[in-house]
There are 2 protein chains.
Amino acid sequence: MEHDIIKRLSQYKKILQKLQSLGLVRVFSDNLSDALGISSSLVRKDFATCNITGKRRGGYVVEELIERLNTLLGKDQEQQIIIVGCGKLGLALMNHKGFANDQIRVAAGFDVDPARINSDAPVPILPVDKLAAFIRNQGIQVALLTVPEDATLTMLEHLRQCGIHGILNFAAVPVKSTPDCHVQNVSLALEVEKLFYLIVSTAENANSEGIAS
Amino acid sequence: MEHDIIKRLSQYKKILQKLQSLGLVRVFSDNLSDALGISSSLVRKDFATCNITGKRRGGYVVEELIERLNTLLGKDQEQQIIIVGCGKLGLALMNHKGFANDQIRVAAGFDVDPARINSDAPVPILPVDKLAAFIRNQGIQVALLTVPEDATLTMLEHLRQCGIHGILNFAAVPVKSTPDCHVQNVSLALEVEKLFYLIVSTAENANSEGIAS
DNA sequence: TAGATTGTTAATCGATTAACAATC
DNA sequence: TAGATTGTTAATCGATTAACAATC
């Protein structure tokens with residue numbers, strides 16, 4: 001899946017930054033494959049896919065690699081996002097450290113509730129009817145959608161019409177991407193369910209192994 | 001990947017509940033495959049994997065299917081979780097509607113900051129030194145980890161020692177699972193990065209197609 | 001019976017890995 | 001030169017799909 005390579009590129013970058021801070025100048029595909037628990041072939045293949053080349057015998061130059069990965073991940077410039085729906089979750093994400101650490105800047109929040117509007121805050125919270133103009137003027141491409149469940153589909157459609165190309169959807173109902181609007185569904189309940197399922201199935205395996213032995 | 005089948009089981013359940021509310025009594029693998037955008041073979045294979053059988057010609061009984069899926073997903077009983085780290089994100093998750101809708105109950109929050117402690121709240125917020133006893137007494141298996149980045153690894157280790165078997169990790173640094181403690185890494189910055197990457201690569205494809213034609 | 005749908009096996013597809021020639 | 005690591009091709013693996021016999 002295409003998503004997997006993006007994930008790995010990001011992981012490579014994080015590892016490389018640590019290695020760089022330790023003073024390493026070169027890195028080999030074996031180093032990265034060890035760190036990520038994958039084969040060195042895959043590391044080299046990923047780099048080849050991204051037109052990143054190394055030196056036979058000499059490996060890859062850490063600094064060049066980081067710079068190249070940053071460009072690929074769009075980190076050579078600040079990535080602006082907006083948050084649509086400023087309830088508890090929306091507000092929490094507005095101050096999320098992980099975004100700031102990764103060059104992602106929350107340009108504004110939007111809400112229908114007048115009581116939540118505050119256009120003077122460090123990250124302004126604006127009324128939804130300002131959405132279209134803001135997206136156009138600021139060239140916003142990505143929005144986080146944290147409105148209540150029943151407002152999700154309407155707002156999603158609105159965002160699409162405003163020309164948004166990427167949406168991180170926190171609603172429980174998964175939404176499919178369209179050619180001009182990618183949607184990533186983050187369902188926290190689903191992630192929790194996975195954990196319970198994994199715990200139960202691991203326990204069952206342990207049991208049956210116990211019986212077998 | 002094993003995760004994918006869990007995701008699909010959860011999706012089947014959601015679709016089935018909608019179909020049931022529309023009055024449908026039976027469902028065919030083609031119905032579900034259409035809804036999920038997968039092949040009907042996969043639907044039948046998933047059910048076979050879970051020892052769910054239908055009737056040749058008659059399909060599957062919606063009610064039985066939902067009940068079976070609920071059991072598989074552990075939804076026949078309430079699933080209790082705790083939230084470790086009650087900053088903005090932790091507090092937002094404490095009231096997350098998606099959890100309540102899916103039979104997931106937040107049993108308590110934990111924090112090191114005395115100012116945040118409130119053992120009388122509907123969902124009590126307790127000091128971290130009560131963690132071990134609480135987990136033991138309440139039989140908690142799953143924790144959401146929403147502490148600051150630099151406290152993540154320490155707290156993770158502590159949770160493992162307390163006998164937690166599943167952790168949803170919101171820190172940027174991915175953590176690997178161990179045999180007795182499954183970790184799901186939810187990196188919101190990574191999800192946003194994926195969106196930007198997808199947008200850029202889609203735009204490039206559109207361009208090159210334009211050139212080619 | 002004829003028709004439709006499951007359950008299951010074989011085929012396909014894509015992602016990952018192994019292997020190794022090229023070469024620094 | 002000898003040794004080590006890349007770049008790339010072939011092999012493997014797992015997940016998904018196609019196909020079809022079984023059967024309701």
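Throughout, a chain's letter reflects where its sequence line sits, starting with A, and its residues are numbered from 1. All of these numbers come straight from a predicted model, not from anything done at the bench.
Looking at R68(B) and N51(B), their side chains come closer than 4.5 Å, going by heavy atoms from C-beta outward. Put simply, the side chain of F28(B) reaches to within 4.5 Å of the side chain of N31(B), judged on heavy atoms. N169(A) places a side-chain heavy atom less than 4.5 Å from the side chain of T152(A).
Interface residues of residues 57-66 of chain B facing DNA chain C, ordered by number: R57(B), G59(B), Y60(B); criterion, heavy-atom separation under 4.0 Å. Remark: F28(A), S29(A), R44(A), K45(A) in residues 14-49 of chain A come within less than 4.0 Å of DNA chain D through at least one heavy atom.
Taking atom NZ of K55(A) as the reference point, atom C1' of dA22(C) lies 16 Å away to the nearest angstrom. Remark: C1' of dG14(C) and CG of D4(A) are 11 Å apart, rounded to the nearest angstrom. Distance CD1 (I6(A)) to P (dA15(C)): 12 Å, rounded to an integer number of Å.
Atom SG of residue C162(B) and atom CD of residue E157(B) lie 10.0 Å apart, to the nearest 0.5 angstrom. Interatomic distance, L16(B) CG to Q11(B) CD, rounded to the nearest 0.5 Å: 11.5 Å. For the atom pair F47(A) CZ and T49(A) OG1, the distance stands at 10.5 Å (nearest 0.5 Å). I140(A) contributes atom CD1, which lies 7.5 Å from atom CD1 of I135(A) (distance to the nearest 0.5 angstrom).
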Show which side-chain atoms of residues 32-46 of chain B pair as donor or acceptor with protein atoms under 3.5 Å away, not counting sequence neighbours.
unit_1	atom_1	unit_2	atom_2	d
S33(B)	OG	S29(B)	O	3.3
S33(B)	OG	D30(B)	O	3.0
S39(B)	OG	L42(B)	N	3.2
S40(B)	OG	R44(B)	NH1	3.2
R44(B)	NH1	S29(B)	OG	2.9
D46(B)	OD1	R8(B)	NH2	3.0
D46(B)	OD2	R8(B)	NE	2.7
D46(B)	OD2	R8(B)	NH2	3.3
D46(B)	OD2	Y12(B)	OH	2.6

Donor-acceptor list for residues 73-93 of chain A side chains, cut-off 3.5 Å, not counting sequence neighbours:
unit_1	atom_1	unit_2	atom_2	d
K75(A)	NZ	Q79(A)	OE1	2.5
K75(A)	NZ	D102(A)	O	2.6
K75(A)	NZ	E193(B)	OE2	3.4
Q79(A)	NE2	L73(A)	O	3.0
Q79(A)	NE2	G74(A)	O	3.3
Q80(A)	OE1	R105(A)	NH1	2.6

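One side chain, T178(B) or D180(B), offers a donor N or O that lies under 3.5 Å from an acceptor on the other.
Within the structure, ring pair (Phe, Tyr, Trp, His ring centres under 6.0 Å) pairs that include any residue of residues 72-101 of chain B comprise H96(B)-F99(B) (at least two apart or interchain).
In DNA chain D, runs of at least 3 stacked Watson-Crick or G-U pairs (N1-N3 plus N6-O4 or O6-N4, or N1-O2 plus O6-N3, all under 3.5 Å) give these stems: C:3-24 with D:3-24.
OP1 or OP2 of dT16(D) has at least one side-chain nitrogen or oxygen of R8(B) nearer than 4.0 Å.
Looking at R56(A), its side chain comes within 3.5 Å of the base of dT6(D) through a donor and an acceptor atom.
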